[in-house]
Number of protein chains: 2
Amino acid sequence: MSNNSVFIEKLRSSGLRPTRQRVQICKILFDRQKTFHFSIKDLAKMIANDFSEKVSLATVYNTIHAFKKRGYLKEISINSDKTYFDTNTSNHHHFFNESTNELIDLENNEVGKINIKKKIPGKKIKSVEVLVKIANSN
Amino acid sequence: MSNNSVFIEKLRSSGLRPTRQRVQICKILFDRQKTFHFSIKDLAKMIANDFSEKVSLATVYNTIHAFKKRGYLKEISINSDKTYFDTNTSNHHHFFNESTNELIDLENNEVGKINIKKKIPGKKIKSVEVLVKIANSN
DNA sequence: CACTACTTTAGAATCATTATAAATTCTTAA
DNA sequence: TTAAGAATTTATAATGATTCTAAAGTAGTG
């Protein structure tokens, strides 16, 4: 369990004022061992449950965007209708469980080297992301 | 240049009545050599340009969904804010050019075998899709 | 032709997200 | 510590994409 000063520092160090709202959101997002995959809606619900003080939806959006911009979160697109964010900002991949709509991390070292044979002249590769869709075996 | 009867047959064979609107949309989508990547907005614009008769936006949505359901189109998610459809329904991958927002197909045989080392018990893999983000080399 | 089911349509409704502008809070420096 | 200015939060409105609705139109069948 981190104490708030860790998050206050984190925020300050990237030029964000450590407001109550931002610190609260940090606690939910980053005070955990495992990767966290969430939608804005999920997060808003958790804030409502975890804290007595209300945080407006606009602030949730603002904060998530600020965090994404600073590299604290990654955005993941599965289907157009679902936007998830991921606290794991390393280079990695995902399983998407179609039976449950659940996302599972797939670390870089859990996927063999990916050889992109086609080259696009004048372009360089920024990232290679794999999405593995899975479902119940039967 | 295919004639309409090809599309009328295609529609009929999958239980869709070959209405004027659907045939028009078929002509735009499928009467071409190369894969076509498009958004609903793109398509609506093309319909407006190519045909004298108006097609309502609701019909465009209905038709695209019907085509997707029947496997004539694939949906592609890049960023949450962009939904593209793809007339290439084969198992394949994509480049996404971040400089131009352009999608480029990457066929299965242009990517080396992808070895997913992590297994999820009780689940089977439905698909493996790679998204390669690219940008100008400099 | 007449019937029925399928389609299309305009417009309303919904949902997620972004914009706005006023109120609040944070930081700083006196 | 307090005043000033900038950053932030907030409620609400605005936007944009998509879906819904219910009425009008159309295709297929006998």
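All values derive from a computational prediction rather than experimental measurement. Lettering follows sequence order; numbering is per chain, from 1. Values reported hereafter were calculated over all heavy atoms of this structure, with side chains retained and with hydrogens, waters and symmetry mates removed.
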Are [X] and [Y] close enough that a side-chain donor and a side-chain acceptor fall under 3.5 Å?
{"X": "B/Asn4", "Y": "B/Lys27", "result": "yes"}
{"X": "A/Asn108", "Y": "A/His92", "result": "no"}
{"X": "B/Tyr72", "Y": "B/Ser14", "result": "yes"}

Item to check | Mutual orientation of the aromatic rings belonging to A/Phe67 and A/Phe30 [parallel < 30°, tilted 30-60°, perpendicular > 60°] | outcome: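 It falls in the tilted class, 30° to 60°.
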Checklist entry - How would nucleotides 3-10 of chain C be written as a contact map, 5' to 3', with B for base contact, S for sugar-phosphate-only contact and - for no contact, using protein heavy atoms under 4.0 Å? => result --BBSSBB
Detail all sub-3.5 Å separations between protein N/O atoms and N/O atoms belonging to nucleotides 28-30 of chain C.
none

Next on the checklist: Please confirm whether the shortest side-chain N or O distance from B/His65 to OP1 or OP2 of D/dT18 is below 4.0 Å.
Outcome noted: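 For D/dT18, OP1/OP2 do not have a side-chain N/O of B/His65 under 4.0 Å.
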Checklist entry - Between A/Tyr61 and C/dT17, is there a side-chain N or O to OP1/OP2 distance below 4.0 Å? => result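 True: A/Tyr61 side-chain N/O within range (under 4.0 Å) of C/dT17 OP1/OP2.
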Next on the checklist: Give me each pair satisfying ring-ring contact (aromatic ring centres under 6.0 Å, His included) with a member in residues 40-66 of chain B, each pair once, sequence neighbours excluded.
Outcome noted: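 For residues 40-66 of chain B: none.
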Just how far, in rounded Å, is [atom2] of [N] from [atom1] of [X]?
{"X": "B/Lys68", "N": "D/dT19", "atom1": "NZ", "atom2": "C1'", "answer": "14 Å"}
{"X": "A/Ile8", "N": "D/dT8", "atom1": "CD1", "atom2": "P", "answer": "15 Å"}
{"X": "A/Ile64", "N": "D/dT9", "atom1": "CD1", "atom2": "P", "answer": "12 Å"}
{"X": "A/Gln24", "N": "D/dT9", "atom1": "CD", "atom2": "C1'", "answer": "12 Å"}

Extract all donor-acceptor atom pairs below 3.5 Å that involve side chains of residues 109-120 of chain B and protein atoms in other chains or at least two apart in sequence.
unit_1   : atom_1 : unit_2   : atom_2 : d
B/Glu110 : OE1    : B/Glu107 : N      : 2.6
B/Lys118 : NZ     : A/Asp105 : O      : 2.9
B/Lys119 : NZ     : B/Ile116 : O      : 2.9

Next on the checklist: Looking at B/Lys126, I want to see if its NZ is surrounded by more than 12 non-hydrogen atoms of other residues, nucleotides or ligands under 6.0 Å.
Outcome noted: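 Incorrect, the count does not exceed 12.
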Checklist entry - Any chance NZ of B/Lys133 has more than 12 other-residue heavy atoms, nucleotides or ligands included, within less than 6.0 Å? => result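 Yes, the 6.0 Å shell around NZ holds more than 12 heavy atoms from other groups.
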Checklist entry - For B/Asn88 and B/Lys74, what are the C-alpha separation, side-chain angles and deciding distance, and is it a side chain to side chain donor-acceptor pair (under 3.5 Å)? => result CA-CA 7 Å; B/Asn88 180 349; B/Lys74 272 179 104 165; over 6 Å; no
Checklist entry - Which of residues 40-48 of chain A sit near DNA chain D, with a heavy atom under 4.0 Å from it? => result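 Here the set is empty: none.
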Checklist entry - Just by distance, do the side chain of A/Thr59 and the backbone of A/Val55 share a donor-acceptor pair under 3.5 Å? => result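 Checked: no pair found.
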Item to check | Pairwise salt bridge (Lys or Arg N to Asp or Glu O under 4.0 Å) hits with a residue in residues 38-64 of chain B, at least two apart | outcome: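 Residue pairs with at least one partner in residues 38-64 of chain B: B/Arg20-B/Glu53.
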